Student: 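Handing you a structure now.
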Number of protein chains: 2
Amino acid sequence: MFSYKDKKVITIGIVSELTGLSERKIRYYEERGLLFPERTKRGTRVYSFSDVEILLTIADKREEGVQTCEIKKDMMNDKKKSDVRNQMLRGQINAHFNIRK
Amino acid sequence: MFSYKDKKVITIGIVSELTGLSERKIRYYEERGLLFPERTKRGTRVYSFSDVEILLTIADKREEGVQTCEIKKDMMNDKKKSDVRNQMLRGQINAHFNIRK
DNA sequence: CGTGTAAGGAATTCTGACACG
DNA sequence: CGTGTAAGGAATTCTGACACG
């Protein structure tokens with residue numbers, strides 16, 4: 001359920017190299033609620049590979065001129081869809097096991 | 001072929017938290033040739049999740065009193081074995097495709 | 001709105017060395 | 001051999017703000 005992909009261990013400097021985005025931009029997108037890094041004890045932001053992927057998506061949309069609030073809506077929608085998908089999957093699994101019972 | 005697990009993106013402070021090992025130990029095990037972090041442009045060491053796993057293995061062995069050179073030999077052996085395994089697998093795949101041809 | 005930058009402080013990382021054993 | 005520590009410097013990260021637009 002929890003893989004390396006979601007483990008928050010990458011500091012902002014590395015994320016900046018990985019994405020080509022300035023630290024300013026990365027912090028700003030967080031401020032806008034587009035991603036949620038964790039913090040180390042001392043307050044340094046740490047990101048996951050998933051966060052890096054999100055940032056790359058944001059970078060693409062920004063290049064197209066899409067505003068951060070629009071990007072956020074899109075991401076919420078994608079999340080909803082995948083939530084629905086997960087619910088359906090769970091339903092199917094339940095159905096499967098009910099038949100077998 | 002190349003996954004998040006092998007991507008070198010974690011700085012030594014985070015690795016230290018993740019493994020419970022002091023930075024001194026982590027650098028020393030590198031000096032002994034047990035793992036090979038990369039460096040950022042500015043010279044900071046960066047590690048992968050694989051490196052973190054290696055360090056946890058080292059920590060276990062060190063607790064048992066095994067010396068670093070012994071640990072290194074073991075790791076070389078394990079590597080050889082998995083190399084052999086990979087060769088065998090490749091052989092099987094080739095055989096499979098030869099039959100189909 | 002989105003992003004750059006200068007500012008000052010606090011925490012990080014690096015290397016080479018001394019210490020103990 | 002394996003690890004701690006103090007030392008000094010260089011690079012990182014953080015926040016709040018001013019700037020432009």
Side-chain angles (χ1 to χ4, degrees), chain A residues 7-77, chain B residues 7-49 51-76:
Chain A
K7 192 99 174 137
K8 311 252 181 183
V9 295
I10 318 177
T11 49
I12 198 165
I14 308 284
V15 172
S16 176
E17 281 184 29
L18 252 32
T19 59
L21 296 170
S22 68
E23 298 183 7
R24 180 70 170 92
K25 287 182 181 180
I26 297 170
R27 292 195 192 100
Y28 179 69
Y29 299 148
E30 173 187 358
E31 192 182 315
R32 306 302 307 174
L34 300 181
L35 72 163
F36 306 91
E38 291 179 357
R39 299 278 182 137
T40 64
K41 299 162 196 167
R42 293 289 164 58
T44 301
R45 272 170 264 250
V46 276
Y47 302 80
S48 66
F49 284 110
S50 295
D51 291 328
V52 170
E53 290 189 3
I54 288 171
L55 285 167
L56 292 172
T57 304
I58 296 172
D60 284 347
K61 301 239 182 151
R62 283 294 305 131
E63 274 190 58
E64 296 170 24
V66 184
Q67 291 193 339
T68 54
C69 60
E70 292 301 325
I71 298 174
K72 184 172 182 178
K73 281 180 205 160
D74 290 353
M75 283 172 37
M76 304 283 268
N77 265 326
Chain B
K7 193 99 175 134
K8 310 251 181 185
V9 295
I10 318 177
T11 49
I12 198 165
I14 308 284
V15 173
S16 175
E17 280 185 28
L18 253 32
T19 60
L21 296 169
S22 67
E23 298 183 8
R24 180 69 171 94
K25 286 181 180 180
I26 296 170
R27 292 196 191 100
Y28 180 69
Y29 299 148
E30 174 187 358
E31 192 182 313
R32 306 302 305 173
L34 300 181
L35 73 164
F36 305 92
E38 291 179 357
R39 298 280 182 136
T40 64
K41 300 162 194 167
R42 292 287 165 57
T44 301
R45 272 171 265 250
V46 275
Y47 302 81
S48 65
F49 284 111
D51 291 328
V52 171
E53 290 190 2
I54 288 171
L55 284 167
L56 292 173
T57 304
I58 295 171
D60 284 348
K61 302 238 181 151
R62 283 295 304 132
E63 274 191 58
E64 296 170 24
V66 184
Q67 291 194 340
T68 55
C69 61
E70 293 301 325
I71 297 174
K72 184 171 182 178
K73 281 181 204 160
D74 290 352
M75 283 173 37
M76 303 283 268

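Since we're looking at a predicted model, the values are computed, not measured.
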Student: Is there a donor-acceptor pair closer than 3.5 Å between any side-chain N or O of B:Lys61 and the backbone N or O of B:Glu70?
Tutor: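 Checked: no pair found.
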Student: When you get a sec, tell me which of C:dC14, D:dA17, C:dA17 is the closest nucleotide to the side chain of B:Arg24?
Tutor: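 Among C:dC14, D:dA17, C:dA17, the one nearest the side chain of B:Arg24 is C:dA17.
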Student: Find the distance B:Leu34:CG to D:dT3:P and express it as a whole number of Å.
Tutor: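 Atom CG in B:Leu34 sits about 10 Å away from atom P in D:dT3.
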Student: Does anything in residues 58-74 of chain B reach DNA chain D, meaning a heavy atom under 4.0 Å, and if so which residues?
Tutor: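 The stretch gives B:Arg62, B:Gln67, B:Thr68 as the residues lying under 4.0 Å from the strand, ordered by number.
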Student: Look at the side chain of B:Lys25 and decide which nucleotide, out of D:dT3, C:dT15, C:dT13, has an atom nearest to it.
Tutor: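 So the nucleotide nearest the side chain must be D:dT3.
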Student: C:dT15, D:dT15, C:dG4: which one has an atom nearest the side-chain heavy atoms of A:Arg27?
Tutor: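 So the nucleotide nearest the side chain must be D:dT15.
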Student: Tell me: CD1 of A:Ile26 to P of D:dT15, nearest whole Å?
Tutor: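 Roughly 14 Å, once rounded to whole Å.
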Student: Output the rounded distance in Å from CD (B:Glu30) to C1' (D:dT3).
Tutor: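 So the CD-C1' distance, B:Glu30 to D:dT3, works out to 16 Å.
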Student: How long is the line joining CD1 of B:Ile14 and P of D:dT12, in whole Å?
Tutor: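 Rounded to the whole Å, the gap is 15 Å.
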Student: A:Ile12 CD1 to D:dC14 C1': how many Å, rounded?
Tutor: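 Between C1' of D:dC14 and CD1 of A:Ile12: 9 Å.
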Student: For the CD atom of B:Glu30 and the CD1 atom of B:Ile26, what is their distance to the nearest 0.5 Å?
Tutor: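 Spacing of CD (B:Glu30) from CD1 (B:Ile26) equals 10.0 Å.
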Student: In Watson-Crick or G-U wobble terms, both distances under 3.5 Å, what is the partner of D:dT12?
Tutor: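 By the stated definition (distances under 3.5 Å), C:dA10 pairs with D:dT12.
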Student: Identify the nucleotide, in any strand shown, that forms a Watson-Crick or G-U wobble pair with C:dG2, with both distances under 3.5 Å; if there is none, say none.
Tutor: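 Because both required distances fall under 3.5 Å, C:dG2 counts as paired with D:dC20.
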Student: Rounded to whole Å, please give me the gap between CD in A:Glu31 and P in C:dT3.
Tutor: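 After rounding, the gap between these two atoms is 11 Å.
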Student: B:Thr44 or B:Glu23: which one's nearest nucleotide on DNA chain D is closer to the 5' end?
Tutor: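 Residue closer to the 5' terminus by nearest nucleotide: B:Glu23.
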Student: If you define the side chain from C-beta out and look only at heavy atoms, does anything of B:Val46 sit under 4.5 Å from B:Val9?
Tutor: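 Side chain of B:Val46 against side chain of B:Val9, heavy atoms only: no contact under 4.5 Å found.
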Student: Would you say a side-chain N or O of A:Tyr28 is under 4.0 Å from OP1 or OP2 of C:dT3?
Tutor: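 Looking at the OP1 and OP2 atoms of C:dT3, neither is under 4.0 Å from any side-chain N or O of A:Tyr28.
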Student: Counting side-chain heavy atoms from C-beta on, which of C:dG2, D:dG2, D:dT13 comes nearest to A:Thr11?
Tutor: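 So the nucleotide nearest the side chain must be D:dT13.
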Student: Would you check if the side chain of B:Ser16 reaches a backbone N or O of B:Leu21 as a donor-acceptor pair within less than 3.5 Å?
Tutor: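 Side chain of B:Ser16 to backbone of B:Leu21, a donor-acceptor pair under 3.5 Å: yes, one is there.
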Student: Look at B:Tyr29 and D:dT3 and indicate whether a side-chain polar atom (N or O) is within less than 4.0 Å of OP1 or OP2.
Tutor: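 Checking B:Tyr29 against D:dT3: at least one side-chain N or O falls below 4.0 Å of OP1 or OP2.
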Student: Can you measure from CZ (A:Arg24) to CD (A:Glu31) and round to the nearest 0.5 angstrom?
Tutor: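 Reported value, rounded in 0.5 Å steps: 7.0 Å.
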Student: Nearest whole angstrom, please: distance from the P of C:dT3 to the CZ of A:Arg32.
Tutor: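 A:Arg32 atom CZ is separated from C:dT3 atom P by 11 Å.
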Student: What is the distance, rounded to the nearest whole Å, between atom CD1 of A:Ile10 and atom C1' of D:dT13?
Tutor: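 One finds 16 Å between C1' of D:dT13 and CD1 of A:Ile10, rounded.
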Student: Closer than 4.0 Å, any side-chain N/O of A:Arg42 to the OP1 or OP2 of C:dG9?
Tutor: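 Result: no.
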Student: For B:Tyr47 and B:Thr11, work out which heavy atoms get closest and say how close.
Tutor: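 Minimum heavy-atom contact is CD1-C, 4.4 Å.
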Student: For a quick test of reading the model: is some side-chain N or O of B:Ser22 closer than 4.0 Å to OP1 or OP2 of D:dG4?
Tutor: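 For D:dG4, OP1/OP2 do have a side-chain N/O of B:Ser22 under 4.0 Å.
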Student: With a 3.5 Å distance limit and no angle check, can you tell me whether A:Asn77 reaches the backbone of A:Asp74 through a side-chain donor-acceptor pair?
Tutor: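 Not at all, since once roles are kept as given, no pair shorter than 3.5 Å links the two residues.
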Student: So, applying side-chain contact (heavy atoms from CB on, under 4.5 Å) with A:Arg45, which one of A:Lys8, A:Arg27, A:Glu38 is it?
Tutor: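 With A:Arg45 as partner, side-chain contact (heavy atoms from CB on, under 4.5 Å) holds for just one option, A:Arg27.
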